[in-house]
2 protein chains.
Amino acid sequence: MNNQKIKNAGLKVTLPRLKILEIMEKNNKHLSAEDVYRILMKSGEDIGLGTIYRVLTQFETAGLVLRHNFEGGQAVFELERGVHHDHLVCIKCGKVEEFMDDTIEKCQNKVAQKHHFKIKDHSLVIYGICNNGDCKGIEDE
Amino acid sequence: MNNQKIKNAGLKVTLPRLKILEIMEKNNKHLSAEDVYRILMKSGEDIGLGTIYRVLTQFETAGLVLRHNFEGGQAVFELERGVHHDHLVCIKCGKVEEFMDDTIEKCQNKVAQKHHFKIKDHSLVIYGICNNGDCKGIEDE
DNA sequence: TTTGCTGCAAATGCTTTGCATGTAG
DNA sequence: CTACATGCAAAGCATTTGCAGCAAA
């Protein structure tokens with residue numbers, strides 16, 4: 001389990017690391033470092049923001065989490081589940097949804113090939129206004 | 001010409017704005033604010049970095065330039081030429097190429113529709129290693 | 001003249017780091 | 001006991017902003 005994941009990453013098993021990994025697992029959302037910080041505070045844990053950044057960066061290096069730089073300053077992290085996907089981000093409420101489209105993936109490879117690029121990674125984010133809950137119909141600039 | 005573009009944006013025609021717009025036009029590249037700053041310094045102009053950020057932001061608002069947040073801190077700007085395209089970025093040499101793929105565009109719309117998102121914008125960046133000049137074959141992590 | 005612009009430096013927001021102390025192995 | 005972790009506060013980096021002086025219209 002998590003204990004093992006952390007060891008495999010070559011890191012010592014400590015409370016902050018366990019807690020953070022736990023949070024990333026429970027919230028199958030996309031969390032910023034501050035989000036994690038707030039969640040930890042609420043559950044009474046006293047872990048510094050600096051540590052959270054450090055740990056999340058280590059987890060990223062170890063391939064345990066993914067970091068995304070959507071528009072608007074804060075990076076967000078999600079647990080790496082081994083299933084590639086891209087993102088839809090609501091510019092009104094911040095909601096993030098995931099999707100995967102084989103046709104798009106294939107086209108990207110073709111494009112890279114055509115331009116003689118050896119593809120390493122890609123980032124596809126669709127920004128829009130979602131139609132769920134609070135966001136429904138509320139639209140302005 | 002540029003004079004008019006600036007007026008149409010509701011801005012006064014000043015030397016800094018003219019110079020910056022000129023640079024964006026000459027270099028059909030993707031420039032960071034600092035790039036613009038360096039170019040201005042070299043040509044003897046004495047324009048503050050703050051002004052460059054301010055002007056580029058105003059140009060962005062006016063639709064004269066586009067701002068991209070590729071990985072790695074600095075935002076880059078390019079002249080808006082009215083032709084939509086996405087980007088290939090070389091993670092070794094920083095080279096940026098543009099492409100446009102109708103199939104991908106269409107798929108994105110379908111995806112947005114399926115998720116009940118009213119699409120406003122999207123960002124597709126393919127990161128890889130280009131095969132041109134300095135970059136050829138040079139590959140490491 | 002009036003309104004808007006610029007340079008400068010200080011402020012900001014997110015993230016990283018140095019260091020002394022603490023703790024897993 | 002030793003190497004690595006943590007908390008804290010300070011530093012870093014890209015970008016924004018306040019303000020007094022300047023310039024376009």
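Order of the sequence lines fixes the chain letters, A, B, ..., with proteins taken first and strands second; residue numbering starts at 1 for each chain.
- Phosphate contact (OP1/OP2 of C:dT6, side-chain N/O of B:Arg17, threshold under 4.0 Å): present.
- Checked by atom type, the side-chain pair A:Asn2/A:Glu25 shows a donor-acceptor distance below 3.5 Å.
- Atom CD in A:Glu71 sits roughly 16 Å away from atom P in C:dC14 (whole-Å rounding).
- Rounded to whole Å, the distance from CD on B:Gln74 to P on C:dC14 is 19 Å.
- Computed from coordinates, the A:Ile6 CD1 to D:dC4 P distance equals 17 Å when rounded to whole Å.
- For the pair A:Ile52 CD1 and D:dA5 P, the interatomic distance rounds to 17 Å; values are reported in whole Å.
- Annotation: of the two residues near DNA chain D, B:Thr14 and B:Thr51, the 5′-most nearest-nucleotide partner is B:Thr51.
- The base of C:dT3 lies close enough to the side chain of B:Lys12 for a donor and an acceptor atom to sit less than 3.5 Å apart.
- The side chain of B:Arg67 lies closest to D:dT16, out of D:dA25, C:dT16, D:dT16.
- Rounded to an integer number of Å, the gap from CD of A:Glu34 to C1' of C:dT12 is 13 Å.
- If you check every strand for non-hydrogen atoms under 4.0 Å, B:Thr57 touches sugar and phosphate atoms only.
- For the residue pair B:Asn109 and B:Gln113, no side-chain donor N or O sits within less than 3.5 Å of a side-chain acceptor on the partner.
- Across all strands, B:Arg54 comes closer than 4.0 Å to base atoms (heavy-atom distances).
- Counting to the nearest Å, the C1' atom of C:dC14 and the CG atom of A:Leu49 are 9 Å from each other.
- Rounded to whole angstrom, the span from the CG atom of A:Asp46 across to the P atom of C:dG22 amounts to 15 Å.
- Using modelled atom types and a 3.5 Å distance limit, the side chains of A:Asp86 and A:His122 yield a donor-acceptor pair.
- Within 6.0 Å of atom NE2 in B:His116, 12 or fewer heavy atoms from other residues, nucleotides or ligands are found, so the atom counts as exposed in its surroundings.
- Contacts of B:Ala33 with the nucleic acid, taken as non-hydrogen atoms under 4.0 Å apart, are absent.
- For the pair B:Leu11 and A:Leu11, both in contact range of DNA chain D, the more 5′-proximal nearest nucleotide belongs to A:Leu11.
- In this structure, the ring of B:Phe70 has its center less than 6.0 angstrom from the ring center of B:His87.
- For the pair B:Tyr53 OH and C:dT6 P, the interatomic distance rounds to 16 Å; values are reported in whole Å.
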